[in-house]
Amino acid sequence: MTADPVTIETDVLVIGSGAAGMYAAIEASRGGACVFLIDRSLIGRGGATVMAQMTVAVALGEEVPDAPRHHYDDTITAGRGLCDERLTQLLCEEAPACIRELDGWGVGWARKDNHITATTVPGHDRPRCVYVDFINTGPAVSKTLRTVMARNKDIRKAGDICVTDLVAGTDGAIAGAVGWHVGSGAPVTIAAKATVLATGGLTRIYRRNSASLNMGGDGYALALRAGASLIDMEFVQFFPIGHLAPRLVGMDPIMWDPFRYKLGGRLLNGRMEEFTSRYGSDEDGKYVLPRDLATYAIFKEVEAGCGSPHGGAYLSFEHCSAAALRAAFGPVIDRLAANNIDLTRMPVEVAPIAHYHMGGVIADAHMQTELAGLFAAGEVVGGANGANRLSGNAITEALVFGRCAGRSAAAYAKTIARRDLYQHDTHAALDFVNGGNGGRDLNTAAMVARLQAIMADEVGPFRTATKLERALLEIAALADELGELPPHHTGAAEPGFDLQRLEWFDLRNMLVVARAVTRSALARTESRGAHQREDCPQMLSAWRRHQRVRLIDGVLQVAGAPAEALVS
Ligand SMILES: Cc1cc2nc3c(=O)[nH]c(=O)nc-3n(C[C@H](O)[C@H](O)[C@H](O)COP(=O)(O)OP(=O)(O)OC[C@H]3O[C@@H](n4cnc5c(N)ncnc54)[C@H](O)[C@@H]3O)c2cc1C
């Protein structure tokens, strides 16, 4: 039996309710559009934004002189020649307006002497990163945007809707999406004059990650299947000091960054020696390396047999007094104590963790993708940060790109009289959601874990052709095992929250995204930023170019390598 879909019509459909999606919804509504905002999780609580506890980069210049052009210069330098300069410019120039608007909405940026205060973080040439409370930035941003949306009747919202495909109308433009309601299993069709893709990143495809369960890269796969191109898929950022040991419950695994900004943590190898000066840091006793170099330094120490007991490095704040720690982090110290961690007496162990993705959907400076009717915003967009992202730029990107995408989508929607989705537009996607009868005997949870292990072991921060080729074979084997059709949805009699079915759809996307990352990494025969090839260690000027990934007739194609790389 095929269930009838729930059908919805709107001017602007926003998929994903992190900072990018919520700001897009608010701005599209200000542009006169009726908005429908959906998320596969709870609205405003499903992705990275609500988990991001630290800082937001913006050239406000309230405490020390600053200007967007300095922020731009630092972002371009970190991006190792690969930033899409139009997007970087948008990011840096529009950040102050977004941050001040959030301030007006009551987000609560930390202040000193009545000025919004900023902290210095590696890669920025001056204090530029604003924050809320001790480590409460993302939750505060998310709550503020949720509150603004709650006052707006033109924004309808629905959680628990997992989008499985974008759909094009008869004119070829994207005309909405098809998905299913996770709670009931019912298929859903949404017709929209304009669609904003704001589905966040992909780091769940790695074993050690800072992601939520909703960050398996759905948006990249949706865009690919709809015919859009992705760029820079090889550039996955690893956060160098993700928590490793001792066990830490109920806290963000990447929470050590604000500690070191404020207190100057010391990074030590397993022999309790400082080692960052051997990898380019010019300051002993204080860890200031940018993310890619710190990741490299820790991996190399571990490889040389100098790692900490669990395979990472020590991060020590033992030089700080209890009073200094409490002054800097107040209630966070109590949460650490509940985990039996006393930083005045012990170091913690840290190791690189997959954290952010620089690549993604191609969009112009209006957030228009290559496909008419489709806009993109936030982490799902590729290019603004090039080969390596500066700390704090990701929330800024979500806010700025979200606002811009909402504005563009509303303007585009006004040019369209009516948007219908006919049965012939949606039937393939709907048939798919209703499912065949495959997949029920699969252990999808074990398959997700296998994929994560492959990506961590073969497509981690340090890569070789041999490892990448092995990964491609293993990913292909997993894809064969997954099969072509999801487990059957049998209609209303079926209990909701069918997690095996959800994992099947997750794997469908995770596998194509994993393949895009791996294929791009194999093709890029140099090392640059977050992409380090141990068999091609040099950064080569011929490779100062983007690679594009497309899905053509179901086959993934990577293009953009320089002619000399194709010959060798
Ligand atoms: C633990 C952590 C800490 C971080 N700290 C910082 C920081 O301090 N500073 C900084 O600048 N950056 C930080 N980042 C990065 C930053 O938070 C993200 O890049 C940014 O918040 C992404 O925002 P977004 O709106 O694009 O996506 P997200 O906030 O991830 O939201 C995407 C939403 O899309 C939904 N979604 C996904 N797929 C589908 C689908 N198929 N159908 C429907 N909905 C879907 C998800 O459920 C989710 O709610 C951190 C990230 C993490 C994980």
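Nothing here was measured: the structure is a model prediction, and the numbers come from that model. Both counts, for ligands and for their atoms, begin at 1 and track the order of listing.
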**Student:** Among protein heavy atoms, which lies nearest atom 10 (C) of ligand 1, and at what distance?
**Tutor:** I395 CG1, 3.4 Å
**Student:** Cationic tip of K157 within the cone over F36's six-membered ring, i.e. under 6.0 Å and within 45° of the normal?
**Tutor:** no
**Student:** Looking only at non-hydrogen atoms, which of R40, M215, M22 approaches atom 45 (C) of ligand 1 most closely?
**Tutor:** R40
**Student:** Going by the closest heavy atom to atom 48 (C) of ligand 1, which one wins out of T137, N214, D39, N385?
**Tutor:** D39
**Student:** Nearest protein heavy-atom contact for atom 17 (O) of ligand 1: which residue, which atom, what distance?
**Tutor:**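 In this structure, atom 17 (O) of ligand 1 has A52 CB, 3.4 Å as its nearest protein heavy atom.
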**Student:** Output yes when a side-chain donor or acceptor of D232 lies under 3.5 Å from a complementary backbone atom of M358, and no otherwise.
**Tutor:**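 No; zero donor-acceptor contacts below 3.5 Å.
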**Student:** Does I254 have a heavy atom less than 4.0 Å from any atom of ligand 1?
**Tutor:**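 It does; at least one heavy atom falls under 4.0 Å.
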**Student:** Salt bridge or not for R128 and D66, using N-O below 4.0 Å?
**Tutor:** yes
**Student:** For atom 27 (O) of ligand 1, grab the closest protein heavy atom and report residue, atom and distance to one decimal in Å.
**Tutor:** G200 CA, 3.4 Å
**Student:** Atom 26 (O) of ligand 1: which protein heavy atom is closest, and how many Å away?
**Tutor:** E379 N, 2.9 Å
**Student:** What's the shortest distance from atom 40 (C) of ligand 1 to any protein heavy atom, and which residue and atom give it?
**Tutor:** D218 OD2, 3.5 Å
**Student:** Under the criterion salt bridge (Lys or Arg N to Asp or Glu O under 4.0 Å), I'd like the reasoning laid out for R111 against D103: C-alpha separation, chi angles, the key distance, then a yes or no.
**Tutor:** CA-CA 11 Å; R111 285 183 141 78; D103 194 43; 3.0 Å; yes
**Student:** Give a yes/no verdict on whether any heavy atom in R389 is under 4.0 Å from an atom of ligand 1.
**Tutor:**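 The answer is yes: ligand 1 sits under 4.0 Å from a heavy atom of R389.
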**Student:** For residues S41 and D160, is any side-chain donor paired with an opposing acceptor at under 3.5 Å?
**Tutor:** no
